[in-house]
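A quick write-up on the structure given underneath.
A note on names: the letters A, B, ... follow the listed sequences, proteins ahead of strands, and every chain is numbered from 1. As the structure is a prediction and not an experimental result, all values here were calculated from the model.
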Protein chains: 2
Amino acid sequence: MNTQQTAEGAARPAGRPRSEKAERSIIEATLDLLGEGIGVSELSIESIASRAGVGKTTIYRRWSNKEDLVVDALATLKPPIPLPQGGTVRDDLVTYLRVIQEETRHARTRCIMNIAMSDSERHPRLAERFRELAVEPRRAVVAAVLRHGMDTGELRADLDVDMALALLSGAMVWLTKWSDGHSPADLPERIVDEALKGFRPRPAE
Amino acid sequence: MNTQQTAEGAARPAGRPRSEKAERSIIEATLDLLGEGIGVSELSIESIASRAGVGKTTIYRRWSNKEDLVVDALATLKPPIPLPQGGTVRDDLVTYLRVIQEETRHARTRCIMNIAMSDSERHPRLAERFRELAVEPRRAVVAAVLRHGMDTGELRADLDVDMALALLSGAMVWLTKWSDGHSPADLPERIVDEALKGFRPRPAE
DNA sequence: CGATTATGAAACGGTGCCGTTGCGTATCGG
DNA sequence: CCGATACGCAACGGCACCGTTTCATAATCG
């Protein structure tokens, strides 16, 4: 009985359908502004509408508040790299950090990371969404790499995977943040090697 | 920057002197608001004046813009703990991370850290000030601890001190950020031990 | 005392954004 | 074509701040 091809199966609600293009450009404008360093709280609906070439009405019709819009915008971010786990664990880890380093070069990524980090208290749903979209998938992939290494014996059998992940990612973010802008190209290698060796002297290698 | 400032030797500039008490309460109100999660850009002079029980005039007379005020406010933050380097290097490092962990419990510290982290692009002077006041002193202390360990042989002689610091601090911050609010009490020990051991298997200990 | 400067309070005009409404037009189903 | 809905646009009244000014009062000098 449903003559339209709406995916949901629900009847099409008569009248002019909402423009997918408008929706996309609204979300794009939102990410755009966030990427320019505008914080969530300073982000105004009017600036989004203007940037997207859209009436405010069109935005208010779809989202009842700003946070919902930003959540949906974040949802369009794809975890861009699944990491091609090819060689040794060391190489995979270096590749992983290199991806982080590369992304940090783009202002857009950097700003969105900042938002996720600092607005986590005031906008918990946002932080949760970001974690679910950007953090968790990667965590899972790298955790698999680490476990693989533990199986083959390249890594300690009793390694704490979450701790190892935190050491690597944390160091990368930390150094990038406090290292006067641009980080040296060999940073990923150095972090991984230092983490693999540990701080204590090694009796024999 | 503060426009007042007659050094002790200089002649008193006739008329009613500026109230030290007002100045303190302005700065206190500023830190107060920042500690409640208000970001620098949303921080309004009027809210500060109201909170401090002070006229806007009194603020504008001393600081020409908001950033200067915030910089001065940050300048009153003291690096609260110089770290009692007593026992083994391991213990000192655990103590260091415990201090970070403890501070992270207070909302005020957390918010100010967030500001330092995420506003570093839009307010470089602020970030610089924070780094100079809060990050650098501790970095120096812990770096000394690490170097001491390298001398005594508790740590590898070829350890990269900056990298080690980044691994420890980064992991602490990372785990605190992504671990649903409260971090387990033994986190510092676990981070330090994992970092000391390294990820690779150890032939014999 | 009088000169001088600071203070808190209030009001100023200006701006940017809020969320809503009305308008004329565009795009769908029937 | 008709009814319904969405569109972009412009305007609304309202609010929060901005940075400045005015004012009566308070503190310190000579």
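- Atom CZ of B:R61 and atom C1' of C:dT4 are 13 Å apart (whole Å).
- When atom types are taken as modelled, the side chain of A:S169 and the backbone of A:A166 share no donor-acceptor pair closer than 3.5 angstrom.
- For A:D151, there are no salt bridge (Lys or Arg N to Asp or Glu O under 4.0 Å) partners, not counting sequence neighbours.
- Following rounding to the nearest Å, A:E42 (CD) and D:dA16 (C1') show an atom-to-atom distance of 15 Å.
- Qualifying salt bridge (Lys or Arg N to Asp or Glu O under 4.0 Å) partners for B:D32, counting only residues two or more places apart in sequence or in other chains: B:R51, B:R108.
- In terms of the salt bridge (Lys or Arg N to Asp or Glu O under 4.0 Å) criterion, A:R18 has no residue partners (sequence neighbours excluded).
- Qualifying side chain to side chain donor-acceptor pair (under 3.5 Å) partners for A:E67, counting only residues two or more places apart in sequence or in other chains: A:H123, A:R125.
- Panel note: side chain B:E42, backbone B:G39; a donor-acceptor pair is recorded below 3.5 Å.
- Qualifying side chain to side chain donor-acceptor pair (under 3.5 Å) partners for B:K66, counting only residues two or more places apart in sequence or in other chains: none.
- Scored by the side-chain contact (heavy atoms from CB on, under 4.5 Å) test, A:A75 finds A:R129, A:L133 as partners (sequence neighbours excluded).
- Protein atom CG of B:L43 is 10 Å distant from nucleotide atom P of D:dC17, rounded to whole Å.
- Applying the side chain to side chain donor-acceptor pair (under 3.5 Å) criterion to B:T57, with sequence neighbours excluded, gives no partner residue.
- Annotation: proximity of residues 48-55 of chain B to DNA chain C (heavy atom, distance under 4.0 Å) is found for B:G53, B:V54, B:G55, numbered in ascending order.
- Look at CD1 on B:I59: it is 13 Å from P on D:dC17, rounded to the nearest Å.
- Remark: A:R90 engages A:D193 in a side chain to side chain donor-acceptor pair (under 3.5 Å) (not counting sequence neighbours).
- Within residues 20-33 of chain A, no residue has any heavy atom closer than 4.0 Å to DNA chain C.
- When each of B:S47 and A:R18 is assigned the nucleotide of DNA chain D with its nearest heavy atom, A:R18 is the one assigned upstream, toward the 5' end.
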Spell out protein contact along nucleotides 19-28 of chain D as letters: B when the base is contacted, S when just the sugar-phosphate is, - when no protein heavy atom is under 4.0 Å; keep the 5' to 3' order.
-> BBB----BBB
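- A search for salt bridge (Lys or Arg N to Asp or Glu O under 4.0 Å) contacts involving A:R105 returns A:E102, not counting sequence neighbours.
- For the OP1/OP2 pair of C:dA6 and a distance below 4.0 Å, the side-chain nitrogens and oxygens of B:T58 include no atom meeting the criterion.
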